[in-house]
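Structure record follows, encoded as structure tokens.
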Amino acid sequence: MKMGFNWIRGPFEMIDALGADVVIKLAQDAGCTIPQALQTSAEHGPFYQVQEGTLMVRNFDQTASQLKPVQLPDRHRAL
Amino acid sequence: MTRQDFWATALGSLRCKWVWTRPLNRGCIEHADALMGRPMGIPKTGVFGLYDMIGVDLMSDVVDTLGDILPENDVFHAVGRSNNPANALIDRMISEGFTGLKSGKGGFYREDQALDLTSGTLRPRITELPALAQKAANAQQDGLETLPMMIEGAEPHHQYCRNFLGRVLAYAAALIPMSPARRKTLMTR
């Protein structure tokens, strides 16, 4: 969303800024089903975290609580 | 189109369609754009300004395409379906050539006028920012976080922002994790 739509923050950075618990309440009030990723963030922490100077992002390929270093696609890294 | 492009298009389109189908303050597109723009960390074009920039006709095609591609249970269809009553005005704008900036005639915004979504008629443009957007602009100048102030309050604009953020951010979160099977289906259509 930042590269393509020129958003200052991506949606998951926005969720982290508000807090997943707050976003869950907003989504519930709006009548939305709560996605598992939101629930996971509320239970395990933000989508993005800095660990020992490295920006980490929550990874859902294996276990939801796993954090991995942020890796942008090549075309985005060049921008 | 890559997976990231697809997600961004779906999310960006849902954001636009959600705002479009829920007129704020008797259809005041200027206030909707002021609240959905900079205070949210989104370009100041907001939603209706973005429609005009991209092209009302192109956005309509994007929404129709997403409607064909996305699974039947995707919440996008609630706002993006072609028989949405709000689409009548867009269809009329396209047929009359008001497809945005590229048309030279404008779209939602037309020189010193703007389209009232409720009545579908033109009226003078409103240039004054809503109080909440002005408050957020001041906070941004001071380097302060603005998202919480957009949702903490009892005014209709707070409620509008709560609903917007709740739906758009929940949709973003719902896009992950997509199962490999579903992802493959989407990208091969």
Side-chain angles (χ1 to χ4, degrees), chain A residues 1-48 57-68 70-79, chain B residues 1-16 18 22 36-45 47 50 53-54 73-75 78 140 144-152 158-180 183:
Chain A
M1 299 310 291
K2 290 196 288 189
M3 298 296 181
F5 284 76
N6 209 23
W7 286 21
I8 293 172
R9 284 185 291 201
F12 298 97
E13 292 172 314
M14 293 169 73
I15 293 171
D16 285 352
L18 285 167
D21 54 338
V22 172
V23 176
I24 285 175
K25 179 71 168 61
L26 296 178
Q28 286 172 332
D29 291 346
C32 299
T33 302
I34 305 304
Q36 184 58 49
L38 256 186
Q39 198 65 51
T40 299
S41 179
E43 293 169 3
H44 295 278
F47 287 96
Y48 294 100
V57 63
R58 194 162 298 287
N59 189 281
F60 290 87
D61 285 346
Q62 296 172 13
T63 62
S65 61
Q66 187 180 35
L67 292 167
K68 286 185 174 179
V70 169
Q71 289 185 324
L72 292 175
D74 287 341
R75 68 195 179 95
H76 289 170
R77 198 178 296 137
L79 291 174
Chain B
M1 181 183 282
T2 67
R3 177 163 46 114
Q4 291 89 351
D5 292 334
F6 182 83
W7 287 6
T9 303
L11 180 61
S13 299
L14 178 102
R15 175 182 74 99
C16 290
W18 180 87
R22 288 164 180 75
M36 301 299 117
R38 287 278 167 76
M40 300 283 183
I42 293 168
K44 66 179 180 182
T45 49
V47 167
L50 184 64
M53 185 181 294
I54 293 176
N73 62 351
D74 195 288
V75 298
Q140 282 180 328
L144 301 175
E145 172 64 63
T146 54
L147 278 181
M149 73 174 60
M150 303 305 291
I151 62 172
E152 292 167 357
H158 292 110
Q159 177 58 39
Y160 193 73
C161 292
R162 281 197 290 272
N163 204 314
F164 170 80
L165 286 170
R167 287 185 180 275
V168 171
L169 297 180
Y171 188 65
L175 292 174
I176 58 165
M178 294 170 72
S179 70
R183 190 182 307 156

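Basis for what follows: all heavy atoms, side chains included, without hydrogens, waters or symmetry-related copies. Numbered from 1 within each chain, the chains take letters A, B, ... in sequence-line order. On a predicted model such as this, the values are computed, not experimentally measured, just so you know.
Across every non-hydrogen atom of P35(A) and A170(B), the tightest pair is CG-O, 3.2 Å. A173(B) and L38(A) get closest at one heavy-atom pair: CB-CG, 3.8 Å. For the residue pair A30(A) and R167(B), the shortest heavy atom distance occurs at O-NH2, 2.6 Å.
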Item checked: Derivation and outcome, side chain to side chain contact (heavy atoms under 4.5 Å, CB included), residues L169(B) and L26(A) -> CA-CA 9 Å; L169(B) 297 180; L26(A) 296 178; 5.8 Å; no

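Neither the backbone nor the side chain of D29(A) comes within less than 4.5 Å of any heavy atom of chain B.
Contact annotation for residues 12-19 of chain A against chain B (heavy-atom separation below 4.5 Å, listed by residue number): F12(A), M14(A), I15(A), A17(A), L18(A).
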